[in-house]
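Bear in mind that the values here come from a model prediction, so they are computed numbers and not experimental data.
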Amino acid sequence: MKKALITGITGQDGAYLAELLLKKGYQVHGIIRRASMFNTQRIDYLYRDPHDPESRLFLHYGDMSDGTGLRRILEEVRPSEIYNLAAQSHVKVSFEQPEYTADVVATGTLRLFDAVRDYCQEDRASVRIYQAGSSEMFGSALPPQSETTAFEPRSPYAVSKVAGYWFAKNYREAYGMFIANGILFNHESPLRGETFVTRKITRAVGRIKLGLQDKLYLGNLDAKRDWGFAGDYVEVMWKMLQHDKPDDFVVATGEAHSVREFLEASFEHAGLDWKGHVEIDQRYFRPTEVDHLLGDASKASQDLNWRPKVDFNQLVAMMVDHDMVHAEREKLLVDAGHSVAPLGLPNG
């Protein structure tokens with residue numbers, strides 16, 4: 001039985017990836033941060049009591065800022081594959097917490113690679129690593145962006161991801177480690193965090209439809225992104241580690257839409273007109289904007305035989321339908337006399 005270790009398993013991608021690997025027969029281990037409240041909601045449906053002999057999902061406390069802890073987990077789990085998904089991934093927040101973002105996203109990646117290098121040398125083990133990159137690394141580079149496009153990062157998060165990318169290439173070349181860089185363009189789902197603009201929109205649509213909310217405050221509606229479905233994208237992560245050699249791959253749909261288009265499609269799916277409900281708030285603009293991201297995934301299509309299955313309109317419908325159910329549950333609570341706090345979430 002193959003063993004996989006996922007950092008950031010409680011995030012959107014971690015949940016979809018864990019489900020995929022379990023279906024493929026893996027034993028899956030995930031690193032979670034200690035918190036005073038439960039933060040495993042996205043993977044609770046996958047989790048079984050570890051005393052159950054059929055259980056194949058196990059969680060370990062750890063943090064990308066703790067190199068010693070990472071080494072201890074490696075020795076305990078002894079994985080054949082590692083998926084490094086852990087990050088402070090909110091671009092706007094990275095401007096407010098740049099040092100923390102750099103420590104977790106950039107230096108944390110270095111800590112992991114160095115721990116794996118030592119582990120492989122001491123135990124003569126073979127480990128394949130997937131390093132999660134981001135389309136934000138391209139920043140102000142002209143579209144379309146591919147593996148040969150120069151990075152022009154425009155945020156502390158993007159700069160930190162560029163550092164992780166180059167750490168991956170350096171350790172691959174210096175020590176012969178199998179490390180694949182996946183440069184994933186925006187990928188969304190019903191599991192997306194509510195502080196990201198797509199989920200912020202679809203959550204608001206459901207609440208507005210049912211009278212729980214009236215206004216939605218957003219920032220730059222003209223920014224264009226290449227949006228895909230996270231469930232499709234974790235499949236290509238796995239494919240990169242089954243490839244005969246480690247390489248770098250852009251993962252995208254090849255189709256860009258503006259925030260305004262996502263907004264229009266979401267409200268239209270619910271039978272609403274967004275113009276009476278949306279207002280622009282300058283606080284949600286980034287200090288340096290990324291105007292247009294559009295990926296060219298030809299290499300992933302050719303070398304890994306991968307293509308996205310869910311298109312833009314299907315993605316929007318999936319997210320709105322999910323959040324409509326979410327809003328209906330909230331409405332039941334309100335009708336029963338319970339108070340529900342209005343959404344006051346920052347724009348992604």
Electrostatic pair Asp248:Lys299 at N-O distance under 4.0 angstrom: no

Side-chain donor-acceptor pair present, Glu19, Tyr45, cut-off under 3.5 Å: yes

Side-chain ion pair, Lys309 and Glu235, N-O less than 4.0 Å: yes

Sub-4.5 Å side-chain heavy-atom contact between Lys92 and Phe285: no

Aromatic centroids of Tyr284 and Tyr217 separated by under 6.0 Å: no

Under-4.0 Å salt bridge between Arg48 and Asp52: yes

Flag side-chain contact, heavy atom, 4.5 Å: Leu59 against Ile43: yes

Residues that His269 engages under ring-ring contact (aromatic ring centres under 6.0 Å, His included), provided they are two or more places apart: none

Any donor-acceptor N or O pair under 3.5 Å, side chains Gln213, Glu330: no

Donor-acceptor side-chain pairing of Asp226 and Thr253 below 3.5 angstrom: yes

Donor + acceptor pair across side chains of Arg307, Ser301 (<3.5 Å): yes

Side chains of Glu188 and Met319 in contact at under 4.5 Å (non-hydrogen atoms): yes

Heavy-atom check, side chain of Arg286 versus side chain of Val91, under 4.5 Å: yes

Check ion pair Asp291-Lys224 (N to O, under 4.0 angstrom): no

Given Ile31, Leu5, Ile82, the one that forms side-chain contact (heavy atoms from CB on, under 4.5 Å) with Leu112: Ile82

Ionic contact status for Asp114 with Arg71, cut-off 4.0 Å: yes

Any residue meeting ring-ring contact (aromatic ring centres under 6.0 Å, His included) with Tyr100, in chain and number order, not counting sequence neighbours: none

is_close_aromatic(Tyr47, Phe58), centroid dist under 6.0 Å: no

Ring centre gap for Phe262 and His257 strictly below 6.0 Å: no

Heavy atoms from other residues, nucleotides or ligands near CD of Glu99 exceed 12 (cutoff 6.0 Å): no

Ala297 to Val250 - nearest heavy-atom pair and separation: CB-O, 3.6 Å

Heavy-atom side-chain proximity of Arg42 to Tyr16 below 4.5 angstrom: no

Donor on one side chain, acceptor on other, Thr202 and Asp323, under 3.5 Å: yes

Option from Thr68, Asp103, Asp63, Asp66 for which side-chain hydrogen bond (donor to acceptor under 3.5 Å, both in side chains) with Arg111 holds: Asp103

Pair Trp238 + Tyr233: ring centers closer than 6.0 Å: no

Pair Glu96 + Arg283, salt bridge at N-O below 4.0 Å: no

Heavy-atom donor-acceptor pair, Arg154 side chain to Glu136 backbone, under 3.5 Å: no

Test item: side-chain donor near acceptor, Arg117 and Tyr175, under 3.5 Å: yes

Atom NZ of Lys331: over 12 foreign heavy atoms under 6.0 Å: no

Sub-6.0 Å ring centroid separation between Tyr157 and His90: no

List the atom pairs, with distances to 0.1 Å, where a side-chain N or O of residues 124-133 and a protein N or O form a donor-acceptor pair under 3.5 Å, not counting sequence neighbours.
{"unit_1": "Arg128", "atom_1": "NH1", "unit_2": "Leu241", "atom_2": "O", "d": "2.9"}
{"unit_1": "Arg128", "atom_1": "NH1", "unit_2": "His243", "atom_2": "O", "d": "2.9"}
{"unit_1": "Gln131", "atom_1": "OE1", "unit_2": "Asn84", "atom_2": "ND2", "d": "2.8"}

From CA spacing to verdict: salt bridge (charged side-chain N to carboxylate O under 4.0 Å, His left out), Lys2, Glu81: CA-CA 8 Å; Lys2 279 189 173 182; Glu81 296 176 3; 3.4 Å; yes

Pi-cation contact, Phe196 with Arg192 (under 6.0 Å, within 45°): yes

Member of Val310, Asp13, Leu315 meeting the side-chain contact (heavy atoms from CB on, under 4.5 Å) criterion with His187: Asp13

Single-linkage hydrophobic cluster, 4.5 Å side-chain cutoff, Val159 and Phe151 together: no

Salt-bridge criterion met for Arg207 and Asp214 (N-O under 4.0 Å): no

